[in-house]
Amino acid sequence: MADVIVVGLGPAGIIAARVLGRAGLSVVAIQAEAAQPGRAPLAAPAPTLRSTSDDEALPQAAPPAGLDTVGGSKLLAAAQAYRLDDWSFEMRSATERRYGPLPPDSDVVDWPISAAELAPWYDIVEDAVDAAPRPATAWTDRMSLAAAGLGWEPFAAPAAASPDAAPLLVGSDVEVVRATVTAILRGSTGEVTGVEYVDGAGDLRTRACGAVVVAASVVPSIRLLLLSGLSADGRVGRWFLSHNAFVVHGDFAGIDLRRRDAGPASAVAVSEFEGDRFDHSGLGFLGGSLLQAAMTGPWSAQRLDAAAEGLSRRTTGAADAATWVRAHHRSIGTVWAQPDQLPRADNVVDLDPVHRDPSGRPVARITFSLADDDRRRWEFLATRAAEWLRNAGARTTWRPPLQAQPLGTHLYGGVRMGEDPAESAVDSFGRFHGVPGLVVVGSSTFPSTGGRGPVETIEALSWRAASPLADDLR
């Protein structure tokens with residue numbers, strides 16, 4: 001019998017396994033493994049998707065973006081290492097102090113932990129991953145000067161030394177099992193007793209333990225809890241959120257910006273339009289986003305195609321957009337954003353009543369749509385991004401349309417943290433209300449998205465959650 005089983009070895013699971021293993025506990029980490037880079041079919045089968053509860057949920061061709069392997073989806077990311085801004089932790093109370101009461105039925109809440117409380121755990125993570133800004137480049141210098149010229153205060157984006165967190169497991173004596181957990185098992189009084197899993201040969205097995213840490217990505221975590229009969233009276237799956245990220249491009253008229261010379265962890269950012277750093281009176285939305293101008297590394301065919309979206313003949317002349325981008329991509333600069341999205345109870349992940357995975361278990365059903373405030377926020381931020389590019393020398397700018405991204409890499413919520421069990425699924429340490437021995441870590445517990453990348457916050461929360469769990473199990 002293991003002391004603890006960790007489900008998933010992405011950034012949240014790696015941190016939890018490290019802390020628990022180094023505390024002298026017997027730790028088994030079970031990681032689903034895809035046959036080829038992507039998602040494992042039993043852990044993360046393609047869901048169904050609909051915009052509202054009145055719509056038919058349609059099967060999707062692919063699961064949410066990500067990577068099922070040790071290291072998880074962080075391996076696909078830019079390795080940026082941001083702390084969540086202070087305002088995001090107290091979104092409701094800070095908003096009401098400045099603008100007056102929110103509607104009684106608003107789903108916006110404060111986090112049950114403050115930025116100051118999480119700060120020491122950020123310090124620990126930043127030391128472990130060797131977080132620091134990357135060297136400046138010609139592109140980031142150009143955009144820094146342009147931001148300063150607009151009266152903004154640019155800064156270099158912090159980044160981990162590597163996107164691969166797996167080396168943090170060294171010295172932790174963690175047993176890694178390549179398998180897919182299909183259920184969390186409980187005893188007669190509701191306490192966790194182990195897990196059921198499908199091994200690499202396709203056989204169904206069980207493993208006993210004293211505690212389970214669910215550290216998978218958002219939709220697989222929600223689905224696993226629901227398949228295990230753990231709904232928290234209907235709160236698991238609610239308040240599902242996404243970073244509906246967007247870009248604005250600019251043409252720098254024949255200037256080689258050399259953005260291919262470094263990866264996207266090398267970036268300059270401005271925070272003037274994040275959180276509540278500007279007056280939202282009359283704007284029709286809350287929150288905002290960091291704006292970032294990043295390097296790209298070599299341009300893939302996918303990136304080239306994406307840069308053609310929204311490009312007009314005013315820029316390309318007689319050429320079609322895709323052809324023009326391929327000829328001019330070295331002169332294309334980009335600003336991107338990961339805007340806040342407010343929680344809404346009708347953005348939900350549940351179990352599809354019809355569609356099944358290859359083993360016969362229900363796939364996830366995602367109900368998700370953008371609201372009017374998402375579009376207003378995008379319009380405001382995209383206008384500022386274009387202004388930044390023009391001040392840096394872009395002769396013209398363009399942007400793809402805003403798209404809902406419920407299958408993107410930056411997903412949140414569904415296992416909301418809070419101190420009141422009537423309004424949340426877990427507490428600030430990820431402990432599932434009413435289920436002894438069950439802890440959930442990862443961005444599924446976030447009450448809001450924030451306007452910057454989530455990885456360091458995921459890691460800091462996981463370190464904070466695993467530490468008292470280790471004390472309890474010793």
Side-chain angles (χ1 to χ4, degrees), residues 1-10 12-13 16-17 20 26-34 39-48 63-64 66 68 72 175-237 349-366 414-415 425-426 430-442 444-445 469:
M1 174 173 164
D3 290 322
V4 60
I5 291 175
V6 177
V7 182
L9 279 175
L20 295 163
S26 60
V27 180
V28 176
I30 302 181
Q31 171 62 53
E33 195 77 24
R39 290 296 198 182
L42 295 185
T48 59
D68 283 329
E175 178 188 351
V176 178
V177 176
R178 311 285 178 160
T180 298
V181 175
T182 54
I184 299 164
L185 306 177
R186 290 181 289 161
S188 59
T189 59
E191 78 283 1
V192 164
T193 59
V195 300
E196 176 187 271
Y197 65 95
V198 176
D199 67 15
D203 295 326
L204 189 63
R205 301 185 179 276
T206 61
R207 188 83 178 250
C209 64
V212 170
V213 177
V214 176
S217 54
V218 171
V219 174
S221 290
I222 295 169
R223 178 173 177 258
L224 174 59
L225 292 170
L226 294 176
L227 287 172
S228 304
L230 295 161
S231 70
D233 294 327
R235 287 179 292 280
V236 170
V349 179
D350 60 6
L351 298 178
D352 193 280
V354 176
H355 298 277
R356 300 291 186 265
D357 71 8
S359 70
R361 296 177 178 83
V363 303
R365 177 176 63 180
I366 299 175
V415 196
V426 301
R431 296 175 294 212
F432 202 93
H433 296 308
V435 183
L438 179 59
V439 172
V440 182
V441 293
S444 64
T445 69
L469 178 60

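Because the structure is a prediction, the values reported are computed rather than measured.
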I need the Thr445 OG1 to Arg431 CZ distance, nearest 0.5 Å. 13.0 Å
I'd like to know if the side chain of Glu33 and the backbone of Arg178 have a donor-acceptor N/O pair within less than 3.5 Å. no
Here the pair of heavy atoms bringing Arg205 nearest to Asp199 is NE-OD2, 2.6 Å
Heavy-atom pair with the smallest gap, counting every atom of Ala215 and Gly8: CB-O, 3.8 Å
Ala2 backbone acceptor or donor facing Ser26 side chain under 3.5 Å: no
Passes side chain to side chain contact (heavy atoms under 4.5 Å, CB included), Arg223 versus Asp357? Steps please. CA-CA 12 Å; Arg223 178 173 177 258; Asp357 71 8; 2.8 Å; yes
Closest non-hydrogen atom pair, Ala40 against Asp68: N-OD2, 2.7 Å
Check each of Val212, Ile30, Val440, Val213 against Val7 using the side chain to side chain contact (heavy atoms under 4.5 Å, CB included) test, and report the only one that passes. Val212
CZ on Arg361 to CG on Asp352, rounded to 0.5 Å: 16.0 Å
A side-chain contact here means heavy atoms from C-beta on lying under 4.5 Å apart; do Leu204 and Thr182 qualify? yes
Check whether Ser228 reaches the backbone of Ala183 with its side chain - one donor and one acceptor, N or O, closer than 3.5 Å. no
To the nearest 0.5 Å, what is the distance between CD on Glu175 and CD1 on Ile5? 9.0 Å
Do you know which two heavy atoms are closest between Val435 and Gly190, and how far apart they sit? CG1-O, 3.5 Å
Could you give me the CA-CA distance, side-chain angles and deciding distance for Phe432 and Val192, then say whether side chain to side chain contact (heavy atoms under 4.5 Å, CB included) is met? CA-CA 11 Å; Phe432 202 93; Val192 164; over 6 Å; no
OG1-CG distance between Thr180 and Leu224, expressed to the nearest 0.5 angstrom: 10.5 Å
Going through the checks in order, is the side chain to side chain contact (heavy atoms under 4.5 Å, CB included) test met by Val4 and Cys209? CA-CA 5 Å; Val4 60; Cys209 64; 5.9 Å; no
Could you report the tightest heavy-atom contact between Arg365 and Pro353, atom names first, then the distance? NH1-CD, 3.5 Å
What I'd like to find out is whether the side chain of Leu230 reaches to under 4.5 Å of the side chain of Val236, using heavy atoms alone. no
In Å and rounded to the nearest 0.5 Å, what is the NE2 to OG1 distance from His355 to Thr48? 6.0 Å
For residues Pro63 and Pro47, report the shortest heavy-atom separation together with the two atoms involved. CA-CD, 3.8 Å
Starting from the C-alpha separation in whole Å, work towards a yes-or-no answer on side chain to side chain contact (heavy atoms under 4.5 Å, CB included) for Ile222 and Val415. CA-CA 7 Å; Ile222 295 169; Val415 196; 4.0 Å; yes
Approximate separation, where rounding is to 0.5 Å, of Arg186 CZ and Thr193 OG1: 9.5 Å
